[in-house]
Amino acid sequence: MVLDDLGSSLRGTLDKLRGKSRLSEEDIEEIVKEIQRSLLSADVDVSLVMELSDNIKERALEEEPPAGTPARDFVLRIVYEELVDLIGESTDLPLEEQTILLAGLQGSGKTTSAAKMAWWFSTKGLRPAVIQTDTFRPGAYDQAKEMCERAEVDFYGNPDNDDPVEIARNGLEETGEADVHIVDTAGRHALEDDLIDEIEQIEETVDPDKSLLVLDAAIGQGAKDQAQQFDESIGIDGVVITKLDGTAKGGGALTAVDQTDSSIAFLGTGEEVQDVERFEPDGFISRLLGMGDLGQLAERVERAMQQTDIEDDEEWDPEDMLTGQFTLNDMQKQMEAMNNMGPLDQVMDMIPGFGGGIKDQLPDDAMDVTQERMRAFSVIMDSMTETEKEYPKAIGADQIERIARGSGTSEEQVRELLQQYKMMERTIKQFQGMGSDKEMQRMMQQMQQGGGGGGGGGMGGMGPFG
């Protein structure tokens with residue numbers, strides 16, 4: 001995920017304090033300089049970097065850490081709070097009737113974001129509609145229509161009309177039954193006068209409740225001028241940061257948020273319409289610093305279970321795994337649900353104690369290799385009989401040879417799958433033996449607090465600074 005380099009750098013800097021119970025002024029000076037370097041390398045504006053680092057330094061020198069709190073945890077808490085303060089609250093987007101105008105340069109991801117946001121509102125029980133007013137970019141109408149069909153939301157556009165203001169006006173009338181109208185506007189390669197004039201006319205016509213600036217995470221230092229000009233033109237209420245699944249630095253987008261004195265509304269985390277997150281500052285910064293994000297994780301789990309196809313097997317219930325026999329059918333459903341949660345590295349970032357430091361120590365291709373292995377396992381299970389899936393312990397050498405041949409994999413890979421099944425079965429049995437809800441709650445509380453250190457996720461008894 002973009003900003004991973006910033007998170008990794010900050011975590012590495014804070015790890016230099018491990019083992020220290022007290023901080024000297026020299027320690028703080030060194031840490032602050034490292035933090036400055038990390039932020040500047042991520043394209044955060046210089047003035048913001050200086051303000052942030054000065055605040056961290058002042059607090060680290062003047063505040064007294066709670067009794068028994070290690071120096072690293074004390075500074076981590078200060079960095080966390082200052083970063084949350086820097087990016088501010090999430091943009092206020094009530095779940096009610098409203099009109100949202102999207103602005104941004106060409107290539108920033110407005111059209112994709114419009115469909116993603118519409119999909120998100122639809123999951124909250126509202127009826128959204130996307131109005132495509134981009135008459136400048138070839139293919140904008142077709143792209144918007146196709147994305148909205150994938151999102152299963154209402155769409156209006158008119159490829160035969162070259163007047164974007166008229167399209168916007170007609171779009172509001174034609175989609176009058178929608179609760180949320182998302183108006184996608186044209187972008188250019190640069191902030192040209194005709195772009196500003198056009199968007200001002202559309203803004204006057206649709207009278208939006210919120211105007212959101214869509215920014216590519218790779219925008220860099222150019223975000224400052226861009227945000228300022230759009231803000232002066234139509235007023236920016238929030239920012240949508242796109243392409244967070246890339247390798248860009250991302251600090252420029254954070255700068256834009258500060259420059260417009262606004263907030264972040266949504267994060268685009270992938271290419272699919274479901275790859276969107278409502279921005280929550282606490283969880284975002286917690287994830288950045290390797291402390292997980294249980295709120296976003298819970299939302300992804302719920303969504304994944306809804307998307308997991310169990311229509312062909314109405315008898316299957318995930319809770320049965322905690323009471324009965326664990327089979328390969330259960331394992332396959334679990335893997336399908338995990339796949340629906342999104343890229344594995346993003347999911348790991350949300351689990352306290354697993355993202356951050358632990359992920360930093362893995363090879364660069366570790367997540368890709370793991371997901372490729374899961375895909376191979378799924379193909380192997382598709383080549384098994386129902387009896388083999390229900391009773392995997394009875395699978396012998398002859399069956400392994402047949403399954404490998406039928407799935408186009410090796411016998412070694414089939415044995416790896418069976419070994420993985422045995423490990424998961426043992427884990428499930430441990431859950432089955434926990435015996436009470438209190439035991440389960442105690443384990444979850446440990447996870448929230450870092451679950452046994454390691455990976456830079458633990459905060460002792462402080463939890464995620466609750």
Side-chain angles (χ1 to χ4, degrees), residues 90-104 108-137 139-187 198-214 234-240 242 262-268 271-279 299 302-303 306-307:
S90 179
T91 306
D92 182 32
L93 288 173
L95 297 177
E96 59 189 34
E97 290 188 13
Q98 59 190 299
T99 299
I100 300 171
L101 180 69
L102 298 186
S108 60
K110 291 189 307 303
T111 300
T112 303
S113 296
K116 287 181 175 183
M117 289 167 53
W119 175 84
W120 184 87
F121 277 111
S122 73
T123 66
K124 304 302 178 183
L126 296 173
R127 181 175 178 176
V130 172
I131 300 171
Q132 172 57 255
T133 70
D134 186 352
T135 60
F136 178 79
R137 179 171 64 91
Y141 170 85
D142 292 332
Q143 181 194 5
K145 183 180 180 183
E146 192 263 337
M147 288 290 294
C148 288
E149 286 174 353
R150 283 159 57 186
E152 298 181 343
V153 298
D154 293 345
F155 168 75
Y156 178 84
N158 187 345
D160 299 322
N161 190 338
D162 59 3
D163 184 347
V165 178
E166 187 176 329
I167 293 173
R169 185 183 300 112
N170 294 341
L172 289 177
E173 294 175 359
E174 293 293 328
T175 60
E177 294 183 359
D179 302 311
V180 180
H181 292 93
I182 301 173
V183 183
D184 180 24
T185 63
E198 180 180 299
I199 201 169
E200 285 178 349
Q201 291 179 52
I202 294 174
E203 193 260 348
E204 185 177 346
T205 299
V206 302
D207 188 23
D209 298 284
K210 288 285 189 299
S211 294
L212 303 182
L213 176 62
V214 181
I234 59 172
I236 296 300
D237 302 300
V239 173
V240 179
T242 64
S262 60
S263 51
I264 302 175
F266 287 97
L267 304 175
E271 297 180 0
E272 300 300 323
V273 289
Q274 298 89 352
D275 294 335
V276 62
E277 293 178 12
R278 183 76 168 93
F279 177 74
E299 186 168 322
E302 182 180 359
R303 188 178 84 198
Q306 291 172 350
Q307 292 176 339

Check your understanding: Could you state the interatomic distance from CG (Asp154) to CD1 (Ile182), rounded to the nearest 0.5 Å?
Key -> 11.0 Å
Point to revise | Closest approach of Val273 to Lys116 (non-hydrogen atoms, all atoms of both residues) | key: O-CG, 3.4 Å
Revision key, fill the gap. In this structure, CG of Leu267 is separated from CG of Asp275 (nearest 0.5 Å) by 12.0 Å
Point to revise | Taking every non-hydrogen atom, the tightest pair across Glu198 and Ala186 | key: OE2-CB, 3.4 Å
Exercise for review: Quick one: closest heavy-atom pair of Val240 and Ser113, and the distance?
Suggested key: CG1-OG, 3.9 Å
Check your understanding: Can you check whether Gln132 reaches Lys145 side chain to side chain, under 4.5 Å on heavy atoms?
Key -> no
**Study point:** Closest non-hydrogen atom pair between Thr242 and Gly109, with its separation
**Key:** CG2-O, 4.2 Å
Review point. Within the side chain of Arg278, is there an N or O that forms a donor-acceptor pair under 3.5 Å with the backbone of Ala265?
Key: yes
Review point. Is there a side-chain contact (heavy atoms from CB on, under 4.5 Å) between Arg137 and Thr111 once you walk through the steps?
Key: CA-CA 11 Å; Arg137 179 171 64 91; Thr111 300; 3.2 Å; yes
Revision key, fill the gap. Rounding to 0.5 Å, atoms NZ (Lys110) and CG (Leu213) come to a distance of 9.5 Å
Revision key, fill the gap. Sorted by chain and residue number, the salt bridge (charged side-chain N to carboxylate O under 4.0 Å, His left out) partners of Arg169 (sequence neighbours excluded) come out as none
Revision key, fill the gap. CD1 of Ile131 to CG of Asp184, rounded to nearest 0.5 Å, is 10.5 Å
Check your understanding: Quick one: does Asn161's side chain get under 4.5 Å of Thr135's, heavy atoms only?
Key -> no
Point to revise | Atom pair CG/NE2 of Leu172 and His181 - distance to nearest 0.5 Å | key: 5.5 Å
Review point. Has the side chain of Ser90 got a donor or acceptor atom that lies under 3.5 Å from a matching backbone atom of Phe279?
Key: yes
**Study point:** Heavy-atom pair of closest approach, residues Gly238 and Ile236
**Key:** O-CG2, 3.3 Å
Practice item. Would you kindly say whether Ser263 and Thr91 are connected by a side-chain donor-acceptor distance under 3.5 Å? Key: yes
Check your understanding: Do Met117 and Leu102 have side chains that get closer than 4.5 Å, going by heavy atoms?
Key -> yes
Exercise for review: Applying side chain to side chain contact (heavy atoms under 4.5 Å, CB included) between Asp209 and each of Thr99, Ile100, Asp92, Leu101, report the one that passes.
Suggested key: Thr99
Revision key, fill the gap. For Ala115 and Ala151, the nearest pair of non-hydrogen atoms, with its separation, is O-CB, 3.9 Å
Exercise for review: Please determine which of Phe136, Phe155, Tyr156 meets the ring pair (Phe, Tyr, Trp, His ring centres under 6.0 Å) test together with Tyr141.
Suggested key: Phe155
Check your understanding: Under 4.5 Å between any side-chain heavy atoms of Glu96 and Asp179, yes or no?
Key -> no
Check your understanding: So do the side chains of Ile202 and Thr133 get within less than 4.5 Å of each other, counting heavy atoms only?
Key -> yes
Review point. Is any side-chain heavy atom of Glu146 less than 4.5 Å from a side-chain heavy atom of Asp142?
Key: no
Check your understanding: Does atom CD of Glu152 have more than 12 heavy-atom neighbours from other groups under 6.0 Å away?
Key -> no
Point to revise | Validation row: Gln98, Leu93 side chains within 4.5 angstrom (heavy atoms) | key: yes
Point to revise | Minimum side-chain heavy-atom gap Gln143-Thr112 below 4.5 Å | key: yes
